[in-house]
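Every chain is numbered from 1 and lettered A, B, ... according to where its sequence line falls, protein lines coming before strand lines. Computation of the quantities below employed the complete heavy-atom set of this structure, encompassing side-chain atoms and omitting hydrogens, waters and symmetry-equivalent molecules.
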Number of protein chains: 2
Amino acid sequence: MDSDKFDINWYIDKLNSSLKKKQAIVIFCECSMIYSGRAEASLEQGERILILKPDRCLLVHQPYGNNSVIYMKPGSEVKVIDMKDYILLKSSNMILHELVEIKITKIIEIMTSHLNDAAKVCLFGTEKDMSDYIYDHPELISKDFKPVSREEQTKYGYIDVFGYDKTGSLVVIECKRTKAGPSAPQQLRRYIERLAKSKGININNIKGILAAPSITQNARHMLKSLGYKFKKIEPPAYMKRKKNPKVN
Amino acid sequence: MDSDKFDINWYIDKLNSSLKKKQAIVIFCECSMIYSGRAEASLEQGERILILKPDRCLLVHQPYGNNSVIYMKPGSEVKVIDMKDYILLKSSNMILHELVEIKITKIIEIMTSHLNDAAKVCLFGTEKDMSDYIYDHPELISKDFKPVSREEQTKYGYIDVFGYDKTGSLVVIECKRTKAGPSAPQQLRRYIERLAKSKGININNIKGILAAPSITQNARHMLKSLGYKFKKIEPPAYMKRKKNPKVN
DNA sequence: GGGGAGAGATGCCGC
DNA sequence: GCGGCATTTCTCCCC
């Protein structure tokens with residue numbers, strides 16, 4: 001009933017009852033834990049925040065930092081085990097072969113509730129928004145750039161924007177919403193290779209443009225050695241436009 | 001004092017007091033919010049979990065899913081504003097030019113506490129562990145592979161393992177702890193280019209090996225066309241070894 | 001389900 | 001600070 005540290009039985013009943021009711025559970029507690037799955041991890045004793053959601057995902061947050069340090073994905077199985085001196089919280093996922101075991105040595109406070117939330121985040125300012133913007137404002141690339149229908153794109157893999165210049169040369173544009181690193185020129189190169197092959201065009205007759213707010217020095221060199229050009233385009237967050245929520 | 005919905009004043013006092021005491025705060029509440037910064041985002045009304053940590057980061061969790069949908073990084077400034085009908089929670093970061101505004105229309109429950117936690121996660125099974133393992137067990141690559149001191153590596157950028165075969169040819173190994181995709185062969189290529197240049201060696205005299213548990217078909221083709229080889233190495237999680245906690 | 005690429009990626013380390 | 005890269009990355013989209 002009552003241990004030196006805390007009333008284990010009451011908390012175990014509370015946890016099991018809330019799990020059964022598919023409530024969200026948040027616990028402030030002293031605990032230590034191990035993770036085993038895609039990697040192995042351990043965390044020594046300390047006071048932190050445990051979150052169990054109705055979808056059976058598990059999050060462990062330390063009192064600082066943006067990210068959970070230990071976690072299990074939705075669909076895991078949760079068990080609460082009475083170890084007399086402490087509570088053992090086991091979360092296991094047979095399909096993913098993952099396991100977390102948390103030794104809870106003291107519960108500071110616990111909060112449980114059913115939460116109703118059907119809303120989805122609506123985001124604007126993605127790379128897709130940026131390429132849409134370029135498609136609608138081709139003069140950002142150059143006076144004579146004429147984008148063509150984007151429908152064809154998926155046939156040759158995902159290409160942000162492509163079209164023709166006044167000489168009739170094919171132009172492929174790769175967008176990056178943040179500073180472009182060394183992978184960007186190589187990605188552009190791969191798209192152009194694929195396009196050249198599938199259209200039966202000489203690869204040297206396709207022009208490549210990397211559009212981004214900035215570019216690292218290394219990436220600039222690579223781009224140049226591949227014969228492509230950089231075009232500075234402001235990140236889409238500053239292109240004030242609306243985007244509809246994703247329905248899903 | 002008492003609105004139709006909830007006792008705003010009591011909650012505002014509680015929040016301000018806890019913020020002042022640098023406690024961790026978790027709130028179950030009905031809310032809607034917007035984010036503005038590197039992108040723009042909004043989330044319509046719903047019941048969710050708000051977390052405010054002592055380091056002044058902010059997390060918003062919906063009752064499903066592993067990740068926070070709206071967040072602010074540590075060091076942001078938090079303000080609690082009484083709007084009579086609702087509480088406005090503002091988190092702003094001047095340096096990053098980011099802002100979150102949360103309209104809290106109902107508080108279901110709130111939990112605050114000081115949390116003591118100095119522990120750090122100890123992780124094993126990273127790519128670094130994998131390359132260490134290969135360095136210590138070069139026979140995994142081939143009978144005649146001789147790894148050399150890893151001290152030199154940083155001089156030419158980060159190369160997982162490199163050494164010589166019995167003919168004296170330089171061998172560069174790139175490790176991936178999960179299935180290798182198309183970026184892996186290109187990364188290997190970049191390392192070898194850099195190494196060839198800095199050592200004044202003909203690039204064709206350097207052998208490249210991609211070590212990973214598996215590889216996609218595309219990546220295999222790219223690797224072959226670059227003249228490099230794939231070596232199947234099990235992911236490091238299954239190499240049962242110990243790793244010391246990182247001190248930091 | 002695999003493959004490929006974006007993300008408000010984040011975080012780490014090295015220069 | 002930038003740069004390059006790993007991450008138990010996660011997530012989405014498409015084949």
Side-chain angles (χ1 to χ4, degrees), chain A residues 34-41 57 65-74 93 96-100 121 123-131 153-155 157-160 174-184 186-187 190-191 194 214-220 235-237 246 248, chain B residues 34-41 57 65-74 93 96-100 121 123-131 153-160 174-184 187 190-191 194 214-220 235-237 246 248:
Chain A
I34 58 108
Y35 159 78
S36 180
R38 283 170 289 177
E40 310 279 326
C57 73
N66 256 305
N67 294 109
S68 57
V69 287
I70 298 285
Y71 59 89
M72 289 287 280
K73 289 186 178 168
N93 193 311
L96 300 172
H97 306 288
E98 293 187 301
L99 172 76
V100 163
V121 169
L123 182 67
F124 168 69
T126 62
E127 190 185 281
K128 180 64 165 46
D129 293 311
M130 191 175 172
S131 66
Q153 296 178 25
T154 50
K155 279 178 66 182
Y158 185 75
I159 296 174
D160 293 335
E174 167 64 23
C175 300
K176 290 291 165 200
R177 65 180 300 286
T178 55
K179 183 178 276 205
S183 67
Q186 298 199 344
Q187 198 178 330
R190 281 208 298 282
Y191 290 151
R194 244 180 290 171
S214 58
I215 184 168
T216 66
Q217 208 61 12
N218 247 337
R220 192 184 286 273
K246 286 178 183 171
N248 172 26
Chain B
I34 58 108
Y35 159 78
S36 180
R38 282 172 291 178
E40 310 280 326
C57 73
N66 255 306
N67 294 109
S68 58
V69 286
I70 297 286
Y71 57 89
M72 289 286 280
K73 290 185 177 169
N93 193 310
L96 300 173
H97 307 286
E98 293 187 302
L99 171 77
V100 163
V121 170
L123 182 67
F124 168 70
T126 61
E127 189 185 283
K128 180 64 166 45
D129 293 312
M130 191 174 170
S131 67
Q153 298 180 22
T154 51
K155 278 177 64 182
Y156 318 111
Y158 185 75
I159 295 174
D160 293 335
E174 166 64 22
C175 300
K176 290 291 164 198
R177 63 182 300 285
T178 55
K179 182 177 277 204
S183 66
Q187 196 179 332
R190 281 206 299 279
Y191 289 153
R194 242 180 291 172
S214 58
I215 183 169
T216 66
Q217 208 61 13
N218 246 337
R220 192 184 285 276
K246 286 177 186 173
N248 170 27

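Using a distance-only test at 3.5 Å, with no hydrogens or angles considered, no donor-acceptor pair links the side chain of Asn218(A) to the main chain of Pro182(A).
Going from the C1' atom of dG6(C) to that of dT10(C) covers 14 Å, rounded to whole Å. Comparing the same atom, P, in dG4(D) and in dT8(D) gives a spacing of 23 Å after rounding to whole Å.
The base of dG8(C) lies close enough to the side chain of Glu98(B) for a donor and an acceptor atom to sit less than 3.5 Å apart.
Remark: Glu127(B) engages no residue in a side-chain hydrogen bond (donor to acceptor under 3.5 Å, both in side chains) (not counting sequence neighbours). Taking the side chain to side chain contact (heavy atoms under 4.5 Å, CB included) definition, one finds that Ala219(A) meets it with Pro185(A), Ile215(A), Thr216(A), sequence neighbours left out. Partners of Asn66(B) by side chain to side chain contact (heavy atoms under 4.5 Å, CB included), not counting sequence neighbours, listed by chain and number: Cys57(A), Leu59(A), Tyr71(A), Lys73(A), Pro74(A).
Looking at Ser183(B) and Gln187(B), their side chains never bring a donor and an acceptor atom within 3.5 Å of each other. In the model, Tyr35(A) has a side-chain atom that pairs as donor or acceptor with a side-chain atom of Glu98(A) under 3.5 Å.
Counting non-hydrogen atoms under 4.0 angstrom, Lys179(A) reaches the backbone sugars and phosphates but no base. Within the 4.0 angstrom heavy-atom criterion, base atoms lie near Ile70(B). Contact annotation for Ser183(B): no contact, since no heavy-atom pair falls under 4.0 Å across all strands. At a threshold of 4.0 angstrom between heavy atoms, the contacts of Val100(A) with the nucleic acid are absent.
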Worksheet, complete the sentence: Note, DNA chain C 5' to 3' with Watson-Crick or G-U pairs under 3.5 Å encoded as ( ), [ ], | and . gives |||||||.|||||||
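Both Tyr35(B) and Ala219(B) lie close to DNA chain C; mapped to their nearest nucleotides by heavy-atom distance, the more 5′-ward contact belongs to Ala219(B). Residues Asn67(A) and Glu127(A) both approach DNA chain C. Their nearest nucleotides, taken by heavy-atom distance, put Glu127(A) toward the 5′ side.
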